[in-house]
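The next block holds one structure in the form of structure tokens; read it before the comments.
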Amino acid sequence: MPLKVYNTLSRSKEIFTPITEGHVGMYVCGPTVSGESHLGHARPYVTFDIVHRYLKHLGYKVRYVRNITDAGHFEEEGREAEDKISQKALLERLEPMELVQKYTNLFHWAMDAFNTIPPSIEPTATGHIVEQIVMIEKIIAAGFAYVANGSVYFDVEKYHHAFAPKGMPYGMLSGRNLDDQLDTTRELDNQEEKRNKSDFALWKNAPPEHIMRWPSPWGEGFPGWHIECSAMSNKYLGNQFDIHGGGMDLQFPHHECEIAQSAVCSHVTMAKYWIHNNMITINGRKMGKSYNNVIKLSELFSGNHPLLEQPYHPMTIRFFILQSHYRSTLDFGNEALKGAEKAFKRLWEAYQVLLNLTHDSFEPNAADSAQTDVDNLDAKVNAFLDEFTEFMDDDFNTAKVLANMFELAPIINGIKDKHLSIHALKPTTLARLKSDMQCFIEEIFGLKQEKEGGDKLDGVLQLLMKLRKEAKAKKDFLTSDTIRKELATLGVHLKDEKDGGMSYQID
RNA sequence: GGCUCUGUGACCGAGUGGCUAGGUAGAGCUCUGCAAAAGCUUCUACAGCGGUUCGAAUCCGCUCGGAGCCUCCA
């Protein structure tokens, strides 16, 4: 079955066919590093990490480009250009680039904690000023931009009239009608610089107090909001590439403007498939600075936030995101996250049990095999596994794959506890179960469990478990319970196995 | 106001015409020295009202509620 992806351009699921066979070019809008990343940022980067991983799994060679916006944008177009980064830098008495570096490092730290695969290329806006200027010159030369007081604006209406007949109207992505636009765009200062309200800046003249500035043919200034993504995606992925991703909130105006800029330069729609992830909400509301409901990732990991009842591990967050479909909103809540934490733990443990299962460790005997309809269980397991790819091919439905994994967990645990016979599974099925689970859990879903403590701690715990076993054998439950209790307060939980064995787990 | 979505059980959340989603929480049972874990069983649904259909949570209409975008935004 071919991979199908939901394309925002067509508002429908389409069969994914790469432009160049065997290769995929993917551009995802990265973070603006003017502040620390929050939970909302985790959604797109985990989502597109899954897309990236799955495409690779399917055998594609993927060039994944994700930018770092470090040039900053003005708060409100037309007002005094208030570059976010430089403004905050003043407050914190830092050099702008120092601030940018700090938040870039923090972003990378969080991405690493989420176990996302770094993009193939991570270009910065400040590193591509030249490319952006060249592109703006091209747009001016083509007659779709004009210079006003040292700033350059894109002529949206002119573009629309020229490109709508070519099947690239302004608004093709967001479903917006340009005429409605004109009526609803609110009044802004300095409107007189623009010919039309819907025009957007390609280059902004920098007022004297503006720290981040670059020389350009139009005077000193800084690039407009949208041009960096057009310039950088074009440089590294060409005139037309396969996938452009980002949050739904970027659809308009950001992606719409990207399309227009790039179309002027290359006469094609820059990307074939537009994939947008939905928002993470908190009490039903988008998480964002303007709503004052932001939970930073560092706070999430440490639990240090009034809304958090406890810290949450990055893998819990990753699992939490995977449990829903990327195009649905996902509502944050302690109850939901705690649920995800427990669920992930259960899944991971079943997975570990599975990796240790072998036919050899179970004696075939009549009573055992009588418990299970051999063909039935074998077929069931295979059916669940078949669906892994089927669900992923259907627009990356990670939620359904996880549901199937939770159908498999009781089977795995049942075999371990001997409620089910391992001989109900053919050796080939068991092998497939192991490799498919391994592939989807670790390779595609990128879930992992930190190995905590290391060898020394393990040695100490083995010793304590040995002592506890001995105490139990002597029915000295006071001692055995003390060991278990004391360890539990330290966050180490002992579990007695059926056959007298023991294992531990660290929080 | 315009555009785009959305409303599923205590909570999160799949699902789009007929088949148990799944997870967490709750209840009962099995196992266990006790506990934990695990397994088994079980409870609470598809906002409301109409319509289409043999049949709708799923399609259509209306009503009510919620969100995103239209301004920086993942």
Side-chain angles (χ1 to χ4, degrees), chain A residues 8 11 28-32 34-35 37-48 69 72-79 82 84 171 174-177 179-181 183-186 188 198 225 245-254 256 276-281 284-291 319-320 323-325 327-347 349-350 353 391 397-407 409-414 416-420 472 475 477 480-481 484-485 488 493-498 503 505:
Chain A
T8 308
R11 313 244 164 218
V28 174
C29 290
T32 303
S34 61
S37 311
H38 57 77
L39 176 57
H41 293 107
R43 188 93 190 262
Y45 306 127
V46 168
T47 297
F48 289 103
T69 299
H73 302 302
F74 26 90
E75 289 287 343
E76 280 178 20
E77 219 173 43
R79 274 199 193 172
E82 295 175 318
K84 263 200 214 164
S174 55
R176 275 181 168 73
N177 180 318
D179 299 328
D180 296 339
Q181 276 298 116
D183 295 337
T184 56
T185 304
R186 72 177 190 190
L188 297 165
S198 53
W225 177 29
M248 271 185 182
D249 50 353
L250 296 182
Q251 256 174 47
F252 190 91
H254 186 54
E256 202 71 70
H276 291 100
N277 64 276
N278 214 321
M279 302 291 103
I280 285 187
T281 59
R285 189 150 242 135
K286 176 189 172 183
M287 187 175 287
K289 275 186 189 166
S290 36
Y291 296 117
F319 181 89
F320 178 63
Q323 260 190 319
S324 71
H325 187 90
R327 276 192 291 114
S328 306
T329 53
L330 174 56
D331 202 47
F332 161 87
N334 280 286
E335 231 182 314
L337 277 177
K338 279 189 214 163
E341 184 178 53
K342 270 203 103 169
F344 175 51
K345 193 171 147 196
R346 190 159 84 86
L347 178 67
E349 277 174 28
V353 166
F391 293 154
N397 199 327
T398 53
K400 285 185 103 172
V401 175
L402 281 178
N404 269 22
M405 287 181 180
F406 280 103
E407 297 284 358
I411 295 175
I412 292 163
N413 287 321
K416 184 190 140 219
D417 291 347
K418 300 186 172 130
H419 301 130
L420 296 170
K472 273 180 71 179
K475 300 225 188 284
F477 296 125
S480 70
D481 286 357
R484 187 172 65 193
K485 221 173 99 190
H493 302 281
L494 296 186
K495 283 194 286 188
D496 294 344
E497 309 282 337
K498 265 257 179 77
S503 65
Q505 212 206 330

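In this text the structure is predicted, and so the values were computed from the model without any measurement. Quick note on labels: first sequence line is chain A, next is B, and so on, each numbered from 1.
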Thr8(A) side chain near Gln251(A) side chain, heavy-atom distance below 4.5 Å
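Side-chain contact under 4.5 Å: yes.
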Under 4.0 angstrom between [X] side-chain N/O and [N] OP1 or OP2:
X	N	value
His41(A)	A74(B)	yes
Arg346(A)	U24(B)	yes
Tyr291(A)	G68(B)	yes
Arg176(A)	C70(B)	no
Asn278(A)	G68(B)	no
Asn277(A)	A74(B)	no
Lys485(A)	C34(B)	no
Arg327(A)	C5(B)	no
Lys342(A)	A25(B)	yes
Thr32(A)	C72(B)	no

Without decimals, in angstroms, what is the distance between Phe319(A) CZ and G13(B) P?
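Taking atom P of G13(B) as the reference, CZ of Phe319(A) is at 14 Å.
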Spacing of Phe344(A) atom CZ relative to G13(B) atom C1', expressed in whole Å
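To the nearest whole Å, that distance equals 18 Å.
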Report which part of the nucleic acid [X] touches: base, sugar-phosphate, or nothing (heavy-atom distance under 4.0 Å, all strands).
X	result
His38(A)	base
Phe406(A)	sugar-phosphate
Ala403(A)	base
Asn334(A)	nothing
His325(A)	sugar-phosphate
Lys338(A)	nothing
Phe391(A)	nothing
Phe332(A)	nothing
Met405(A)	nothing
Ser480(A)	base
Ile280(A)	base
Gly40(A)	base
Gly175(A)	sugar-phosphate
Met279(A)	base

Roughly how many Å apart are [M] and [N], using the [atom1] atom of each and rounding to a whole number?
N	M	atom1	answer
U63(B)	C72(B)	C1'	36 Å
G7(B)	C60(B)	P	13 Å
A14(B)	G22(B)	P	15 Å
G9(B)	C69(B)	C1'	32 Å
U6(B)	U16(B)	P	11 Å
G26(B)	G61(B)	C1'	40 Å
U44(B)	A37(B)	P	25 Å
A27(B)	G50(B)	P	39 Å

Polar pair under 3.5 Å, donor/acceptor by atom type, side chain [X], base [N]:
X	N	value
Asp496(A)	A36(B)	no
Asp331(A)	G13(B)	no
Arg484(A)	A36(B)	no

Going by purine N1 to pyrimidine N3 plus the second Watson-Crick contact, or the G-U wobble pair, all under 3.5 Å, which nucleotide sits opposite [N]?
N	answer
U53(B)	none
A38(B)	U30(B)
C11(B)	G23(B)
G1(B)	C70(B)

Of the listed nucleotides (G15(B), C12(B), C69(B)), which one gets closest to any side-chain atom of Phe252(A)?
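Closest nucleotide among those given: C69(B).
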Applying salt bridge (charged side-chain N to carboxylate O under 4.0 Å, His left out), can you list everything that pairs with Lys495(A), at least two apart in sequence or on another chain?
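Salt bridge (charged side-chain N to carboxylate O under 4.0 Å, His left out) list for Lys495(A), sorted by chain: Glu349(A).
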Name the one of Leu330(A), Thr398(A), Leu402(A) that satisfies side chain to side chain contact (heavy atoms under 4.5 Å, CB included) with Gln323(A)?
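Passing option: Leu402(A).
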Is_stacked (Tyr45(A), A74(B)) at 5.5 Å, 30 deg:
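It does not: the ring fails the test against the base of A74(B).
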